[in-house]
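Because the structure is a prediction, the values reported are computed rather than measured.
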Amino acid sequence: MTNTWYDAVVVGSGFGGLATALELTRRGARVALCETLNYPGGCASTFRRHGYSFEAGATLFSGLDEGQLFGRWVRQLGLDVTVDWLDPMVELRTPGMRLEVYRDRQRLVDQLCAFPEAPADALRDFFTLQRQVAQALWPLFEDPSLLPPLDVRALLRHASRALRYTPLVRWMGRPLGSILERLGLLRFTPLRTYLDALCQITVQCAAAEAEAPFALAAMDYYWRGTGHVRGGIGRLASALAGAVTAGGGEVLYANRVKSLEAVPGGWKVSARRGELLARHVVANVLPQGLMRLLGLPPERLPARLRELAGRVADGWGAVMLYLVVRAPGDASPGAHHLELVQNEQAAFVEGNHLFASLSGEADTGRAPPGHRTLTVSTHVPLRALTGRPEEEQARIVSTIQERMRQGLRRLAPEWMENLQHEMTASPRTFERFTQREAGAVGGVPRRAGLYHYRSLGPRPVMNGLWLVGDSVFPGQSTLATALGGVRTAASITRG
């Protein structure tokens, strides 16, 4: 490494870091992107083990329509990325119910209304409100200029849309459960199951406690440019990293950042392959990871950073199964996603609720012909493992994984009849795969409260030091973290 100053060094090549680096290079900045692993994507990566390729996390990806962020980049930058549009996108299974989520929202409403004794009028009222909230908030995700920092044009556009924001005001700071209670839907099990499952993987908490506007907007995730990147989401991550390089940036793999130190004029970044000097550092890590890199005593750390770290610690770790199976004879050739709930009355964690992402026939190289890879995940509270002896943690994780296998055999038996290979992962293993502190997933759970609205735009943690990712606004999802990165780059270049 040389002592040449960079305009910015980005730490971590998750989608928040990739988007920040790409946007900075497109704005003419001199950028270096440092990544510990030898591949990009973080939690949304595709890694290879034992001759198979797996998605690091079981999830869906949005923002892929031509008019959305990822879709625009694919088109404008000529990225070698193919998107397959799945329909249905997800199949929710419980012991007594199957619910398919199609690309047409009305088909979901119709399925719910068709259940015995379904409160059809209340269901339609609920989805009318949901659509109003989503239509108010999703333009912010589809046009990053509407997110802070705001210029005059963006302020005028928000003013013209003021009436659309009216439905938000009543429910800000209140849980989604209060809307269900008002509409008499708390005891309608099919909807509650659907919402609890959806909220657990989007806003990272149960529907009853989820911040209502966030949860209602997240429900539109399935209908907003959600698709499957052929070959795995890592293809998109690698393509974006390539675009950073093509734009003049440097992408430094296998270059773990060890520490950050404020120096006159900016920051010294000490990494495996040497030191870098930068006027700005953008950390695509969890707050805990940034605290570790700073190495400061607690009293010298910013209060905001300590608060964020505490909120992440109240969230979730990932317990995983990575499977290779021979596809059943009647399996669809496309990629697929299953959401499995063993007991609708129990918490949707620790193997009771599973999300499974299955590769498709067109995902060549992921598994041998006629076989599929499955990434299966469930949540475990981080505090259930923190501070326990390693042997006790291992027992807890092993028990959860056996419950996951039972759920798969019970609710998706066709995919378990010809199991060829299994690899397990605890939160600690997931940390190795993704470099997430403690194997944490999902950032800050969006439980009800007005505190979510205190910081709606990028602002430095310290002078010249920025945090991006799912623990800061706009929060969870690959698309949201990328949008946060774009707006952070805008803030840096404005300064």
Side-chain angles (χ1 to χ4, degrees), residues 6-35 37-46 53 55-56 59-85 138-147 224-253 280 282 284 362-365 458 466 468-469 474 477-494:
Y6 292 87
D7 295 306
V9 168
V10 179
V11 181
S13 69
F15 275 80
L18 287 168
T20 306
L22 179 57
E23 186 68 14
L24 283 170
T25 59
R26 298 184 82 192
R27 290 169 176 259
R30 185 161 191 257
V31 179
L33 171 59
C34 297
E35 169 56 49
L37 301 172
N38 58 9
Y39 54 87
C43 284
S45 61
T46 305
S53 292
E55 302 284 39
T59 189
L60 283 161
F61 302 97
S62 187
L64 296 166
D65 272 344
E66 283 192 2
Q68 295 178 302
L69 183 65
F70 295 141
R72 286 198 301 271
W73 279 342
V74 168
R75 185 181 70 256
Q76 293 171 0
L77 302 174
L79 304 183
D80 184 17
V81 172
T82 300
V83 176
D84 294 322
W85 304 107
W138 266 87
L140 311 183
F141 290 85
E142 293 170 348
D143 182 354
S145 69
L146 290 174
L147 291 169
R224 298 278 182 165
T226 296
H228 171 74
V229 175
R230 191 176 299 177
I233 192 62
R235 291 280 180 90
L236 178 58
S238 295
L240 293 176
V244 172
T245 302
E250 298 176 42
V251 179
L252 306 171
Y253 293 118
H280 295 269
V282 181
N284 185 196
D363 293 315
T364 55
W466 307 76
V468 297
S477 88
T478 305
L479 175 60
T481 59
L483 287 165
V486 168
R487 301 318 293 159
T488 298
S491 294
I492 290 172
T493 53
R494 281 187 181 187

Phe15 and Phe70 aromatic centres sub-6.0 Å: yes
Nearest-0.5 Å distance, OG1 of residue Thr25 to CD of residue Glu250: 12.0 Å
Side chain Arg230, main chain Ala362, donor-acceptor under 3.5 Å: no
Greater than 12 external heavy atoms within 6.0 Å of Asp80's CG: no
Set of side-chain contact (heavy atoms from CB on, under 4.5 Å) partners for Ala21, sequence neighbours left out: Val10, Val31, Leu33, Val244
Nearest atoms (heavy-atom pairs only) where Leu79 meets Ala243: CD2-CB, 4.2 Å
Side chain to side chain, Leu236 and Leu64, heavy atoms closer than 4.5 Å: yes
Partner residues of Glu35 under the salt bridge (charged side-chain N to carboxylate O under 4.0 Å, His left out) criterion, sequence neighbours left out: none
Verdict with reasoning, Phe61 to Val229, per side-chain contact (heavy atoms from CB on, under 4.5 Å): CA-CA 8 Å; Phe61 302 97; Val229 175; 5.5 Å; no
Point-to-point distance, once rounded to the nearest 0.5 Å, from CG of Asp363 to CG of Asp84: 7.0 Å
Nearest heavy atoms of Pro474 and Ala480, plus distance in Å: CG-O, 3.2 Å
Side-chain donor or acceptor of Ser62 paired with backbone N/O of Arg224 under 3.5 Å: yes
Nearest heavy atoms of Thr46 and Ser53, plus distance in Å: CG2-CB, 4.2 Å
Residue pair Trp73 / Leu22, side-chain heavy-atom distance below 4.5 Å: yes
Separation between CD of Glu23 and CG of Leu483, rounded to the nearest 0.5 Å: 10.5 Å
Value rounded to 0.5 Å, distance of CD in Gln76 from CD in Glu66: 10.5 Å
Reported OG-to-CG distance for the pair Ser13 and Leu18, which is rounded to 0.5 angstrom: 5.0 Å
Pro40 side chain reached by Leu240 side chain, heavy atoms, under 4.5 Å: no
Nearest atoms (heavy-atom pairs only) where Asn284 meets Gly17: OD1-N, 2.8 Å
Backbone N/O of Ile233 and side chain of Glu55: donor-acceptor pair under 3.5 Å: yes
Interatomic distance, Thr493 atom OG1 to Arg27 atom CZ [nearest 0.5 angstrom]: 4.0 Å
Nearest atoms (heavy-atom pairs only) where Tyr253 meets Ala241: OH-CB, 3.3 Å
Check: Ser238 side chain, Arg235 main-chain N or O, donor-acceptor pair, under 3.5 Å: no
Backbone of Ala29 reached by a side-chain donor or acceptor of Asp7 within 3.5 Å: no
Nearest non-hydrogen partners of Thr20 and Ala489, listed with the distance: O-CB, 3.9 Å
